[in-house]
Amino acid sequence: MKNSASLLLISFFFLFSHFSHAQSKVLTGAIVIGNAEVMSYKIHYDLKGNNTLSGYSISDENGKEETTASISGYFNPKKKVLFFEEKKILSTRSMTPINEFCLMKVTGTLEKRGQNAVFVGNFEASSPDKSIICEKGSIMLMSEKTVNNLAAKLPKEDKHRPKSDSSEMHSAKVRPVEWIKNEFELVSGDTQIMKLKGDEIQIDLVDDRYQDGDRITLMMNEATIVKNMEVTNQVKSYNLKLPNDSKDVSFRIIAESEGSIALTTVKAVLRNGNEVNVINISLNKGQSVTIKFKE
């Protein structure tokens, strides 16, 4: 967290110059996911007499992944320790299926940074879908008063950036379309045909069974995407753009090694349009399956 703190403090001046005025208490700032990705984050909460809290969080506010989740937790006033966890997704702009979201458990302390009080902590995350591997990260939040005081020190041109219409953005938060989930079991020589619903396909590959050194090759229209890749419980994702004017596309998954335990097992999750196609594959070495998308 120390390596990220100075970056976040500078980023706050530019990321959070506009805030809503809800009656609940507000802490606003950012999370650092896996020490790399920075995303805006805010919590609105009410603190009860027994120091328990409830409310909601907003991540990537006004962004294309904006998501609201309910939260609950508690505050230890003596140790200045705050704990809260996201319980469920309330609304989102993201096209990620609800059951694949990573929900955070956050623990941190209120600290003094010069004249300013900040909340600094770390989080773990988990998903209802046990095949999804969620990253840990760190978090830094400030009160709106602290952020407004810092923002007041910005040059005029930064303070007067156009502000988005908060009410308009929040009224459009709910997912525009529902995802359709299909599940298939494929073995050697099988071909699964599905309807093509868009010009981009995301493929997630994972082995949610035994981690024994299974290796595969993935091909798209007989061109190699990845060769002799070990499949583990860490999801590996590939976002693939279809060639211009393409009306169909074919994927082939080939078993290169069965590892220490036969068979080669892999779960392939293919997202296209508003569909999620979950394909469980079992192969001997040298065998393959084919997945085709057609208009």
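Keep in mind it's a predicted model, so treat the numbers as computed, not measured.
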Novice: Go through the structure and list residues passing side-chain hydrogen bond (donor to acceptor under 3.5 Å, both in side chains) with E258, not counting sequence neighbours.
Specialist: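 Here the qualifying residues are N284.
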Novice: Would you confirm whether R215, through its side chain, and N228, through its main-chain N or O, come within 3.5 Å as a donor-acceptor pair?
Specialist: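 A pair under 3.5 Å: yes.
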Novice: Looking at every heavy atom in both G63 and R93, which two are closest together, and how far apart are they?
Specialist: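 Shortest heavy-atom separation between G63 and R93 comes out as O-CD, 3.1 Å.
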Novice: If you define the side chain from C-beta out and look only at heavy atoms, does anything of T107 sit under 4.5 Å from V81?
Specialist: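 In contact.
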Novice: Report the hydrophobic cluster partners of I132, with the cluster defined as I, L, V, M, F, W, Y residues connected by side-chain heavy atoms closer than 4.5 angstrom, directly or transitively.
Specialist: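 Grouped by the 4.5 Å side-chain rule, I132 forms a cluster of one, so the answer is none.
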Novice: Would a hydrophobic clustering, with Ile, Leu, Val, Met, Phe, Trp and Tyr connected at side-chain separations under 4.5 Å, put V249 with V269?
Specialist: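 Per the 4.5 Å side-chain linkage, V249 and V269 are not co-clustered.
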Novice: D207: which residues meet the side-chain hydrogen bond (donor to acceptor under 3.5 Å, both in side chains) condition with it, sequence neighbours left out?
Specialist: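 For D207, the residues satisfying side-chain hydrogen bond (donor to acceptor under 3.5 Å, both in side chains) (neighbours in sequence not counted) are T265.
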Novice: Excluding sequence neighbours, so at least two apart, what forms side-chain hydrogen bond (donor to acceptor under 3.5 Å, both in side chains) with D60?
Specialist: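 Checked D60 against side-chain hydrogen bond (donor to acceptor under 3.5 Å, both in side chains); zero matches.
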Novice: If I compare all heavy atoms of F75 with all of L47, which pair ends up nearest, and what's the gap?
Specialist: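 Of all heavy-atom pairs spanning F75 and L47, the closest is CB-CD1, 4.0 Å.
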Novice: Any donor and acceptor pair, going by atom type alone, linking the side chain of N272 with main-chain N or O of E200 inside 3.5 Å?
Specialist: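 At least one qualifying donor-acceptor pair exists.
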Novice: Mark yes when over 12 heavy atoms from residues, nucleotides or ligands other than K267 sit less than 6.0 Å from its NZ; otherwise mark no.
Specialist: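 Count over threshold, so yes.
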Novice: Counting neighbours of CD on E124 that are heavy atoms of other residues, nucleotides or ligands and sit closer than 6.0 Å, is the number greater than 12?
Specialist: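 No, not enclosed.
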Novice: Between D214 and V266, is any pair of side-chain heavy atoms under 4.5 Å apart?
Specialist: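 Heavy-atom side-chain distance check fails, nothing below 4.5 Å.
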Novice: At their closest point, which heavy atom of E61 faces which heavy atom of S40, and how far apart are they?
Specialist: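 Closest heavy-atom pair between E61 and S40: N-OG, 3.2 Å.
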Novice: Can you name the one residue among V106, I71, I43, T68 that meets side-chain contact (heavy atoms from CB on, under 4.5 Å) with E86?
Specialist: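 Among V106, I71, I43, T68, the one meeting side-chain contact (heavy atoms from CB on, under 4.5 Å) with E86 is I71.
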Novice: Can I58 and E66 be said to form a side-chain contact (heavy atoms from CB on, under 4.5 Å), step by step?
Specialist: CA-CA 7 Å; I58 306 174; E66 180 181 87; 4.0 Å; yes
Novice: On a heavy-atom basis, which atom in P97 and which in V276 lie closest, and how many Å separate them?
Specialist: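 Between these two residues, the closest heavy atoms are CG-CG2, 3.7 Å.
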Novice: Looking at E222 and M219, what are the two nearest heavy atoms and their distance?
Specialist: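 Closest approach of E222 to M219: O-CE, 3.0 Å.
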Novice: Applying disulfide (SG to SG under 2.5 Å), which residue pairs with at least one partner in residues 210-264 are found, sequence neighbours left out?
Specialist: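 For residues 210-264, and leaving out neighbouring residues, there are no disulfide (SG to SG under 2.5 Å) pairs at all.
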Novice: Please confirm whether the backbone N or O of A223 pairs with a side-chain atom of N221, one donor and one acceptor, at under 3.5 Å?
Specialist: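 No, N221 side chain to A223 backbone: no donor-acceptor pair under 3.5 Å.
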Novice: Just do the side-chain contact (heavy atoms from CB on, under 4.5 Å) check on F184 and M194 with the steps written out, would you?
Specialist: CA-CA 11 Å; F184 309 94; M194 290 169 286; 4.0 Å; yes
Novice: Please assess S94 against T96 for the test side-chain hydrogen bond (donor to acceptor under 3.5 Å, both in side chains), listing each intermediate value before the final yes or no.
Specialist: CA-CA 5 Å; S94 174; T96 301; 3.1 Å; yes
Novice: Does K236 use its side chain to pair, donor to acceptor, with the backbone of E230 at less than 3.5 Å?
Specialist: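 Present.
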Novice: Taking the side chain as C-beta and beyond, is there a heavy-atom pair between M229 and L218 under 4.5 Å?
Specialist: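 They are not in contact (no side-chain heavy atoms under 4.5 Å apart), so the answer is no.
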Novice: Please confirm whether the backbone N or O of E65 pairs with a side-chain atom of T67, one donor and one acceptor, at under 3.5 Å?
Specialist: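 The answer is yes, because a donor-acceptor pair under 3.5 Å joins these two groups.
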Novice: Do F84 and L27 come within less than 4.5 Å of each other through their side chains, counting heavy atoms only?
Specialist: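 SC-SC contact between F84 and L27 ruled out.
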Novice: Checking the side chain of S127 only, and the main-chain atoms of D129 only, is there a donor and an acceptor separated by less than 3.5 Å?
Specialist: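 Yes, S127 side chain to D129 backbone: donor-acceptor pair under 3.5 Å.
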Novice: Looking at D204, is its backbone amide N or carbonyl O close enough to the side chain of S237 to form a donor-acceptor pair, meaning the two atoms are under 3.5 Å apart?
Specialist: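 No; judged by distance alone, with no hydrogens or angles, the pair does not exist.
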Novice: Does Y74 sit in a hydrophobic cluster with other residues, and if so which ones, taking ILVMFWY side chains as linked at heavy-atom separations under 4.5 Å, directly or through other members?
Specialist: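 ILVMFWY cluster around Y74 also holds F83.
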Novice: Are any side-chain N or O atoms of T217 and backbone N or O atoms of I254, one a donor and one an acceptor, separated by less than 3.5 Å?
Specialist: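 Between the backbone of I254 and the side chain of T217 there is no qualifying donor-acceptor contact (under 3.5 Å).
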Novice: Taking the side chain as every heavy atom from C-beta outward, state whether Q287 and L263 have any atom pair closer than 4.5 Å.
Specialist: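 No; the side chains remain at least 4.5 Å from each other.
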